[in-house]
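See below for the structure under consideration.
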Amino acid sequence: MLFSQVKGQNGLINKMISVINRNHFPHAILISGKDGYGNLAVALSLAQYLSCTNKQTKEQLVEQTSLMADACGECPSCKKYAKLSHPDLHIFFPTSTTTKVKKDAKSSVFMAEFRDFVLSNQGYGDINDWLAFIGAETKQGIINVADADEIISLLSMKTYESQYKIVVVWNVERMNVQASNTILKILEEPFPNTVFIFTTEHRDKILPTILSRVQQINLNKLDDSIIEQEVRKLHPDFSDSDVKREVMLSEGNLINIQASNMERMQEYFQLFIEVNKLAFGFRKDIASIIDFVGRFGKFNKEKQKHFLSYYLKTIDKCWQYNLGIPMIQHPLEMANDKFKSNFPKFITIHNLEGIFSVMEKAQKNIDSNANANINLTNMIIKLGMQFEKR
């Protein structure tokens with residue numbers, strides 16, 4: 001992947017180019033941000049640039065650009081990177097067992113699928129999309145110690161073609177404890193001519209000892225102008241008001257404007273309505289709560305947490321709507337008129353903090369592997385109690 005294919009991160013890329021040009025590039029970096037900001041895209045374009053044998057300066061680049069330099073895209077190394085098949089590029093990522101892979105799931109087993117996944121979305125996909133891609137949407141992807149052992153084995157060999165052996169680890173926070181400790185040992189005593197490029201959406205979940213041994217790079221959310229360009233490409237039939245709405249809802253995240261994510265948001269909105277209706281009626285209809293919990297509990301943990309985050313964002317928008325803060329559209333635009341008109345009135349200064357506390361505790365319980373049925377049932381009942389406080 002070329003730097004020119006990365007959306008809206010030229011300033012940060014130029015800083016990395018300057019460091020590379022001074023031969024001061026660290027042996028391990030961590031790229032932090034949402035996947036829709038370009039985590040993986042930046043990582044892969046950086047790896048390709050490091051390996052390119054005919055790097056292009058600003059003066060040599062054909063198209064007008066604000067980039068200081070870029071990979072050529074034509075040398076043998078770049079052509080292999082274009083297919084993610086360079087022998088000195090090693091990519092690791094979360095995996096899980098599936099109907100096809102019933103045991104010993106690790107990155108190398110899914111490499112062909114991961115190449116297809118990345119090439120199809122140009123590096124802008126998230127963990128939910130990836131797990132769905134391999135038919136593991138009901139699972140929680142992890143990077144296990146088998147992957148870490150494979151990294152050690154690969155790095156103990158000489159490079160095939162490039163100056164560097166490059167290891168890209170996507171969503172490094174998903175390494176289990178054994179894998180994290182193995183990687184930590186490598187970072188403490190790095191192999192020669194080796195560069196680690198880690199990415200994460202959740203830096204707080206990475207071992208502090210690993211964080212202390214990497215150069216950290218933070219991606220910013222994408223400018224509205226970048227998102228608007230992409231919305232118009234993906235949805236040429238959208239009106240200007242439709243485009244403006246999607247730009248606002250994207251929160252600077254390119255993944256949020258993809259069709260698959262829009263479908264997910266529609267699903268989440270229906271879940272939002274259902275959870276609130278169950279919460280309002282929790283004293284009279286426990287049977288419906290139990291039915292919902294049984295269905296919701298079949299989602300993988302990542303999807304459960306993703307929905308709870310969506311729920312809190314929507315509650316916050318309802319609160320802002322109550323305060324009269326200008327909005328492009330009503331936060332409950334997709335609901336019927338009765339729900340759209342009445343529900344925001346139940347979000348008040350008397351229960352806003354309590355609602356957030358209930359949902360955040362439910363998220364923590366998911367992380368700590370608490371009983372899903374008990375956790376979700378308690379969540380709905382306590383939400384109902386908060387609504388009674390309005």
With side chains defined as the heavy atoms from C-beta onward, is the minimum distance between [X] and [Y] less than 4.5 Å?
{"X": "Leu271", "Y": "Tyr311", "value": "no"}
{"X": "Lys158", "Y": "Asn193", "value": "no"}
{"X": "Leu46", "Y": "Val195", "value": "no"}
{"X": "Ile315", "Y": "Ile347", "value": "yes"}
{"X": "Ile166", "Y": "Ile197", "value": "yes"}
{"X": "Thr95", "Y": "Ile142", "value": "no"}
{"X": "Ser77", "Y": "Cys52", "value": "no"}
{"X": "Phe238", "Y": "Val231", "value": "yes"}

State yes or no: are the ring centers of [X] and [Y] separated by less than 6.0 Å?
{"X": "Phe280", "Y": "Phe282", "answer": "no"}
{"X": "Phe114", "Y": "Trp130", "answer": "yes"}
{"X": "Phe272", "Y": "Phe343", "answer": "yes"}
{"X": "Tyr321", "Y": "His330", "answer": "yes"}

Between [X] and [Y]: side-chain donor-acceptor atoms closer than 3.5 Å:
{"X": "Gln216", "Y": "Arg203", "value": "yes"}
{"X": "Asp316", "Y": "Gln320", "value": "yes"}
{"X": "His27", "Y": "Thr194", "value": "no"}
{"X": "His306", "Y": "Tyr268", "value": "yes"}
{"X": "Ser309", "Y": "Gln363", "value": "yes"}
{"X": "Asp291", "Y": "Ser288", "value": "no"}
{"X": "Tyr81", "Y": "Ser51", "value": "yes"}

Which heavy atom of [X] sits nearest to which heavy atom of [Y], and what is that distance?
{"X": "Leu187", "Y": "Ile210", "value": "CD1-CG2, 4.0 Å"}
{"X": "Asn351", "Y": "Gln386", "value": "ND2-O, 3.0 Å"}
{"X": "His350", "Y": "Arg390", "value": "CD2-O, 3.6 Å"}
{"X": "Ile91", "Y": "Ser107", "value": "O-CB, 4.0 Å"}
{"X": "Asn322", "Y": "Pro344", "value": "ND2-O, 2.5 Å"}
{"X": "Thr377", "Y": "Val293", "value": "OG1-CG2, 3.6 Å"}

Query raised in the report: Given Phe307 and Phe299, is the ring pair (Phe, Tyr, Trp, His ring centres under 6.0 Å) satisfied, shown in steps?
Result: CA-CA 10 Å; Phe307 166 71; Phe299 297 159; 8.3 Å; no
Taking atom [atom1] as the centre, does [X] end up with more than 12 heavy-atom neighbours from other residues, nucleotides or ligands that are less than 6.0 angstrom away?
{"X": "Lys317", "atom1": "NZ", "answer": "yes"}
{"X": "Lys305", "atom1": "NZ", "answer": "yes"}
{"X": "Ile325", "atom1": "CD1", "answer": "yes"}
{"X": "Lys340", "atom1": "NZ", "answer": "yes"}
{"X": "Glu353", "atom1": "CD", "answer": "no"}

**Report entry** Test log, rule side chain to side chain donor-acceptor pair (under 3.5 Å), inputs Asn21 and Ser18
**Finding:** CA-CA 5 Å; Asn21 290 345; Ser18 295; 5.7 Å; no
Query raised in the report: Does the side-chain contact (heavy atoms from CB on, under 4.5 Å) test come out yes or no for Val118 and Trp170, once each step is laid out?
Result: CA-CA 11 Å; Val118 174; Trp170 181 52; over 6 Å; no
Looking at [X] and [Y], does any basic side-chain N land under 4.0 Å from a carboxylate oxygen?
{"X": "Lys80", "Y": "Glu161", "result": "yes"}
{"X": "Asp240", "Y": "Arg232", "result": "yes"}
{"X": "Lys100", "Y": "Glu113", "result": "no"}
{"X": "Asp129", "Y": "Arg264", "result": "yes"}
{"X": "Lys364", "Y": "Asp367", "result": "no"}
{"X": "Glu251", "Y": "Lys34", "result": "no"}

Requested in this report: Answer yes or no: is there a donor N or O on one side and an acceptor on the other, between the side chain of Asn144 and the main chain of Ala105, under 3.5 Å?
Outcome: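 Between the backbone of Ala105 and the side chain of Asn144 there is a qualifying donor-acceptor contact (under 3.5 Å).
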Query raised in the report: When rounded to the nearest 0.5 angstrom, what is the spacing between CD in Glu246 and CE in Met248?
Result: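 Rounded to the nearest 0.5 Å, the CD-CE separation comes to 8.5 Å.
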**Report entry** Interatomic spacing from OH in Tyr37 to CD in Gln9 - rounded to 0.5 Å
**Finding:**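 Answer for the OH-CD pair, Tyr37 versus Gln9, is 9.5 Å.
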**Report entry** Verdict with supporting geometry, Thr159 and Asp88, side chain to side chain donor-acceptor pair (under 3.5 Å)
**Finding:** CA-CA 6 Å; Thr159 58; Asp88 294 316; 5.0 Å; no
Query - Plane angle bin for Phe387 and Phe346 - parallel if under 30°, tilted between 30 and 60°, otherwise perpendicular - result: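 Ring orientation, 0 to 90° scale: perpendicular.
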